[in-house]
Each structure stands twice: as structure tokens, then as C-alpha cells.
Amino acid sequence: MKPESSSPKPKQQLYLQVADKVMAIIAERKLQPHDPVPSEGELAKLFGVSRMTSKLALERLAEQGLVYRLPRRGTFLAGKREGQGEPAAGRVSERRPPIPPGWAKGRQIALILPHMSDYTSRIIAAVEGEVRKHDGDLILKISKDKDDEDRCLQKLVDGGVDGLILFPQGRKTCSDQVLRLKLEQIPIVIIDRIFREVQIDCVYHDHFQGSYQMAQYLIAKGHREIGYTSNAIENITSREERYQGYIQALLDHGIPVKNEYIHFRSTPCDPSRASESDPEQAEFIGGNPQMTAVMCGDDHIAISSLFTALHLNVPVPDKLSIVGFSDIKLSALTPVPLTTVRQDTERLARSAVELLMKRVNRSKEKQLTVKIQTEIIERKSVTDRGNF
């Protein structure tokens, strides 16, 4: 029987050395919990080892609970867990400071929005009313862009806010900052968007069903040549789902989907010029004289399409029916009042605040996705083709 060798395997010894060096980097850079640590490629280049060696080093640290790894995102320093003392690396501490004594009497809830509009102003009013019911105060932030959104979130957390309601900027995936707050168990609820790749509390209107039902409404009115126009989807799930609802309704009713009847704008619709003839909408409407109805991705585009059609001497609704989505105040005040899909902001706000307060009160139930149903508001912009 051969005696076991007392010397460690070279490969094992190397990756353990790299693991030790990673911990030294963490301490030297004073990384905080959930901060990214160097990647496999960075470690391989820094220490002149293979990516496999650096991968084994990071996996070793993950097994010890010192870091955690997320697919396609990277490796992050683990935070302090229940029953443990200071987090890994010894020098780091949790980011969130104690809540200031002056805030102890009422909850501080923050609402972060990407812009001000008729729709978001209704959300603000509704959320503020719901927060008051919980004896809380509302902090409002309007983010300028994606980077500013991240800065707003971190500043609010550093200031000791109790919970966050976020209407995010248009993103394809959940931002690293939002993911970090989730991992730190900061109470946060996403509204009017959904991030499919991560489990996180969200409350949003059922855009797909609202659009589907509107298409059904037009079909029931005898329309078969139905177009669709919208701002570019640009990773905004609400726009994507409204378009999908239109497509699915046509398919389910055996109506061909015609590419020429589908128009995504090259530049966003300008609400301040909605009463003017819009060149893009004019080309779309004028180039498809067989269309009897057009569904619009939102009310601003519907209003622009309405005025453009009137400038082209296309009668609305006798020649072309036009419908919108959102039910902004202006939609009822146009020359031909718009039929549209109404989004209930009061129910959205109530559900978001109730869910957030559960998290503030340390509810342990799994993350929830709450869909708020929409309804069709029928006005004067649709004609019944059965009468023709």
C-alpha cells in the first residue's frame, strides 16, 4: 500500500492562494457587502493564472459563504447574516445607517418616477393618500436617467428611508442597484414594469389584457383592417405587452397580421405638438387607406393620430376609428373624444403601498406580482362597421 503524499496538489495550492489574495483585495479596497469583487478574467490577468484557477478560487469563497455568485452578473461580497458578527473581510459594514430619531413616529416612504405626466401625477396623488393611511410621509424623486435613478435609490437608502416604490426608467433587465437593494432586503416594490429575470415584488397594470380586450372590442364593432402604432418598444415591458395583446387578439380571431399596418415611430411622439399634423403618423395613415381602425400604444399617440387624420381630411370615426391607452384627461377633450383603455391608478397605488408595508413589517411570504385590471372607456372615436 502506497503512503499518501503529504504535499498538496499544485493546482489546489494555486487556487487557494488566489482565494487568499481575493480576500486581501476585498480588505484593501474596503469593499462593502454586495459590492462586486474582481471577476474570473480580472483575477486571471492580475495573478497570471488560468480562468479555471480563478473560477475555482471564487467557488471556494462562495462555498465558505464569503461571496455569492449570480449568473451573467458576477461575484459579490456577502453581507452579514443572522447569527454572524461582522461580514467577511472584517472591515466592511452594512450600508444602511440607523433611522434618525426624528423619523421614528411615522414611516418614510419614497416614490421614484421617471417623468412627470398626467398619468404619473395621478400615481403620485394616489400613493400619497395611501401612505397617509399608514401614518407615513411620502418622499418624491423624479429620476433624470438610469444613472440618476440608481443615485436616487442609494441616497434614499443611506438616508434611512423605510421603503421604496419605484417606477423604473426603461430597462431591459433589472438594474444592479435594484438587485443589490433586494439582496440587502431593503423593502422595495416595482410599479408599472415587470422584471422577468428576478423575483421581486411588483404591481403593474395588465397591459397585455387591456390591449387584447381593445382589439376584441374593435373586432366586435366589425373591424378587420386594424393597424397598430406606437413609440419604439425600447425594452419597456408595458409597450411590449400592449403590442403583444394586439397581435394575439388578431391571431385568435383569424385575422391576418399585416406588416404594413404596424408602425413603430423612429422618434418619440411629442405631446406638446399633438394638435399638429405629425409627419410619421401622416405617412402611416395616408399610406394605408384600407385601414378602418388603428390602435395606439398610448393616448398621446392616439391624439396625434386623430389630429393628423383630420388634417388629412380623413373623417374620424366614419373613415378611421382611433383608440388609445391610459385615459389621460386630454383624451376626453379632443375634437372627437377618444375611446381608450383606462389604467386604475388608485388600485395600483393601494396595492403597491399595501405590499410595501408588508415588507416594511418584515413579511416572510415570497415575492408577489400583482396585476391590476384595466377597462375600456367608450367615447366617440370608434364607429360600428356593422352599420356600413
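Here, residue 1 is the first one in the sequence, and each next residue gets the next number.
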Quick check on the hydrophobic clustering: are I191 and V131 connected, directly or via other members, by side-chain heavy-atom contacts under 4.5 Å? yes

Among all residues two or more places apart in sequence or in another chain, which pass the ring-ring contact (aromatic ring centres under 6.0 Å, His included) test with F264? Y243

Name the residue from I165, L153, I188, I139 that meets the side-chain contact (heavy atoms from CB on, under 4.5 Å) definition with I112. L153

Strictly by ring pair (Phe, Tyr, Trp, His ring centres under 6.0 Å), give each pair with a member in residues 265-296 just once, sequence neighbours left out. H263-F284

Less than 3.5 Å apart, any donor N or O on the side chain of E241 or S211 sitting next to an acceptor on the other? no

R239 side chain to N231 backbone, donor-acceptor under 3.5 Å: no

Below 4.5 Å, heavy atoms only, C-beta onward: do S143 and Q169 meet side chain to side chain? yes

Shared ILVMFWY cluster between I26 and L66, side chains joined below 4.5 angstrom? yes

What residue pairs, at least two apart or across chains, pass salt bridge (Lys or Arg N to Asp or Glu O under 4.0 Å) with a residue in residues 326-339? D327-R342, D327-R379

Between D35 and R29, is there a salt bridge with N-O shorter than 4.0 Å? no

For K155, is there an ion pair with D158 - N to carboxylate O distance below 4.0 angstrom? no

Going by an N to O cut-off under 4.0 Å, is there a salt bridge joining D176 and R180? no

Looking just at side-chain N and O atoms, do H207 and R242 make a donor-acceptor pair shorter than 3.5 Å? yes

Any donor-acceptor N or O pair under 3.5 Å, side chains T120, S117: yes

Let me confirm one number: the CD1-CD1 distance from I301 to I322, rounded to the nearest 0.5 Å. 12.0 Å

Can you tell me which residue pairs pass the salt bridge (Lys or Arg N to Asp or Glu O under 4.0 Å) test with a partner in residues 208-227, sequence neighbours excluded? K221-E378, E225-K258

Verify the neighbour count for atom NZ of K182: are there more than 12 heavy atoms of other residues, nucleotides or ligands below 6.0 Å? yes

Do I328 and I303 come close enough that some side-chain heavy atom pair is under 4.5 Å? yes

Spell out, as yes or no, whether a donor-acceptor pair under 3.5 Å connects the side chain of S326 to the backbone of D298. no

Among residues two or more places apart or on two chains, list those pairs meeting salt bridge (Lys or Arg N to Asp or Glu O under 4.0 Å) that have a residue in residues 263-276. R265-D278, R273-E276

Counting only heavy atoms not in Q367 (residues, nucleotides, ligands), do more than 12 fall under 6.0 Å from its CD? yes

Students often mix this up, so state it plainly: with edges at 30° and 60°, are the rings of F76 and Y68 parallel, tilted or perpendicular? parallel

Are the side chain of S381 and the backbone of T339 linked by a donor-acceptor contact shorter than 3.5 Å? yes

Student check: side-chain heavy atoms of S266 and E280 closer than 4.5 Å: yes

Given V323, V336, I376, the one that forms side-chain contact (heavy atoms from CB on, under 4.5 Å) with V382: V323

What is the minimum heavy-atom distance between T374 and Q343, and which atoms define it? CG2-CG, 4.4 Å

Check this for me: does any side-chain nitrogen of one of K45 and E42 sit under 4.0 Å from a carboxylate oxygen of the other? no

Can you confirm whether the side chains of Q154 and Q177 place a donor and an acceptor under 3.5 Å from each other? yes

The criterion is side chain to side chain contact (heavy atoms under 4.5 Å, CB included); which residues satisfy it with I142, sequence neighbours excluded? L113, M116, L140

Any donor-acceptor pair under 3.5 Å from K319 side chain to A309 backbone: no

Any donor-acceptor pair under 3.5 Å linking the side chain of S230 with the backbone of G297? no

Would you say that L156 contacts Q108 through its side chain, given a criterion of any heavy-atom pair below 4.5 Å between the two side chains? no

Salt-bridge test for D137 and R107: reply yes if a basic N is under 4.0 Å from a carboxylate O, no otherwise. no

Are a donor atom and an acceptor atom from the side chains of D299 and T340 found within less than 3.5 Å of each other? yes

